[in-house]
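Notes for the one structure printed next.
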Number of protein chains: 2
Amino acid sequence: MKHILANLKISISKNLYLTDPNSSILGRNIILNSIEIIDEMGFEKFTFKKLGNTIESPEASIYRYFKNKNQLLTYLNSWYWSYMEYQLVFETTNIDSPEKRLEKAILLITSNSKEYIIDGINLAKIHKILIAESAKSYLTKDVDKINKEGAFQSYKQFVSRISEIIIEINPQYLYPQMLVTTIIEGAHLQSFFAEHLPRLTNKLNTPNYITTFYTNLAFLSIKDNK
Amino acid sequence: MKHILANLKISISKNLYLTDPNSSILGRNIILNSIEIIDEMGFEKFTFKKLGNTIESPEASIYRYFKNKNQLLTYLNSWYWSYMEYQLVFETTNIDSPEKRLEKAILLITSNSKEYIIDGINLAKIHKILIAESAKSYLTKDVDKINKEGAFQSYKQFVSRISEIIIEINPQYLYPQMLVTTIIEGAHLQSFFAEHLPRLTNKLNTPNYITTFYTNLAFLSIKDNK
DNA sequence: TCTTATATAATAGTATTACTATTATATTTG
DNA sequence: CAAATATAATAGTAATACTATTATATAAGA
């Protein structure tokens, strides 16, 4: 598996950049270092100027790759969900039981331990960014515009794949997408709250209690509406 | 009830402003018009300059009331959750059954029809803002700092009140806060998705399907862990 | 009542941010 | 090897977020 991962390249829709960051050293530097800086200082304080300083290129050169920092965040988002979809497909092939596949999917969403480095990208860090910053890429007045440009396609595709598993378990179930996004955004939120606002969540000393909670929730809802 | 609402003033922690906006006409103008502008153009494009223009006061005067626009958003957030807590208490007093009280609470969270104007504030609009912008007040690197200043106290208090109802229903239940925040943020998200990213949710033609979904989810989880 | 203190508002700035137009330097292709 | 093209660097600008200072109104005490 590690071998396959090492050779994997994730391809991103052409609408999400001006110049493909994978096509040059500068481009790859932009991606790699933006993850570091956003992780360090948060998306609001992240600027192309600061990024330019760390990679020792003028900010204008970064603008050749991305229209603005929101587009860069959307790119990272898209990359993350494409990677997650790949992981999902990889880990669920050859498993007949849709219940088992759903369990794997929820584990994938709720687990924080992503130790791989793929495509040069540190998965743990991009996961951490996603938890804290991803909502900002759709919670904007431009959402309809960038949606048309395909900004959320990987996310939709990932959600759709899990929804299909749910429908396999219970073809009568009415809320597959609702359930999946509730789990994804809920799990992200609980991780964030556990670290910063503990009174808004419940920290149990059971390992993977977030996984347990959402797995339970999912199966209860799916089987109840049968 | 309308009479009581008309006379109600919601009091906000002194840490969430520099000068109490309720203490002057300018202050009240700041609150009322900021809601309009944020609703119209989104929080990112909202500036004190623009607000100053519409209320015909220089932006520097607004800085006397709020440190920055994030503090203003936090104030609106806090106002909203204090109001929601008031509503919750009001609507659940004299109801013995904790199940019925929880139902009322979830209806309150998930319902979009808030037609009242209280304290001069248009509830429907502040609710709409909360759906799209509230996450931005905690998804920031300053979260720990502003948390210490009490920025999220009203939210925590609201969550805590509902958690207590859940514990009444099932004293063994392990995840009351997790469940409540999952419902609150999930319901907000589904409203947003229904409007902008329909493929990420399920739009049923049943009225109040979001309420139904989360009410079901809540009771299933609470009763299962008994 | 008048002076003084204090609250409040307006003026006039600055540093930073987000972005663009233009020029220079590589690299590729015929 | 020249021309075309891709890429990067320079040098800006308008807008944003904020502050220091000055002016004006209001309230309190003598």
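Here the structure is a predicted model, which means the values were calculated and not measured. To find a chain, count down the sequence lines: A is the first, B the second, and so on, and within it residues start at 1.
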_Protein within reach of the bases, or only the backbone? For nucleotides 17-24 of chain C, mark each nucleotide 5' to 3' as B, S or -, using heavy atoms under 4.0 Å._
SSBB----
*How long is the line joining CZ of B:Arg64 and C1' of D:dC18, in whole Å?*
15 Å
_Please report the distance, rounded to the nearest Å, between OH in A:Tyr17 and P in D:dT7._
12 Å
_Euclidean distance, atom CG of residue A:Asn29 to atom P of D:dA8 [Å, nearest integer]_ = 11 Å
*asked:* According to ring-ring contact (aromatic ring centres under 6.0 Å, His included), does anything in residues 129-158 of chain B pair up with another residue at least two apart or in another chain? List the pairs.
replied: A:Phe193-B:Tyr138, B:Trp81-B:Tyr155, B:Trp81-B:Phe158
*Between atom CD1 in B:Ile25 and atom P in D:dT26, what is the gap in whole Å?*
10 Å
_Distance in angstrom units between B:Leu18 CG and C:dA9 C1', rounded_ = 15 Å
*Can you find a side chain N or O atom of B:Tyr65 that sits less than 4.0 Å from OP1 or OP2 on C:dT8?*
no
*Roughly, in whole Å, what's the span from CD1 in B:Ile55 to P in C:dT8?*
15 Å
*Looking at B:Lys136 and B:Glu44, does any basic side-chain N land under 4.0 Å from a carboxylate oxygen?*
yes
*Looking at residues at least two apart in the chain, or sitting in another chain, which of them share a side chain to side chain contact (heavy atoms under 4.5 Å, CB included) with B:Thr54?*
B:Asn33, B:Ile37, B:Leu51
*Sort and list the pairs that fulfil salt bridge (Lys or Arg N to Asp or Glu O under 4.0 Å) and have at least one residue in residues 47-73 of chain B, not counting sequence neighbours.*
none
_Tell me the interatomic distance from B:Leu26, atom CG, to D:dA25, atom C1', rounded to whole angstroms._
14 Å
*Would you say a side-chain N or O of A:Ser61 is under 4.0 Å from OP1 or OP2 of D:dA9?*
yes
*Would you list the pairs meeting side chain to side chain donor-acceptor pair (under 3.5 Å) in which at least one residue belongs to residues 143-153 of chain B, sequence neighbours left out?*
A:His196-B:Asp144, B:Asn147-B:Lys156
*May I have all residue pairs that pass ring-ring contact (aromatic ring centres under 6.0 Å, His included) and include part of residues 39-64 of chain A, sequence neighbours excluded?*
A:Phe48-A:Tyr63
*Using whole Å, report how far CG of A:Asn53 lies from C1' of C:dT16.*
13 Å
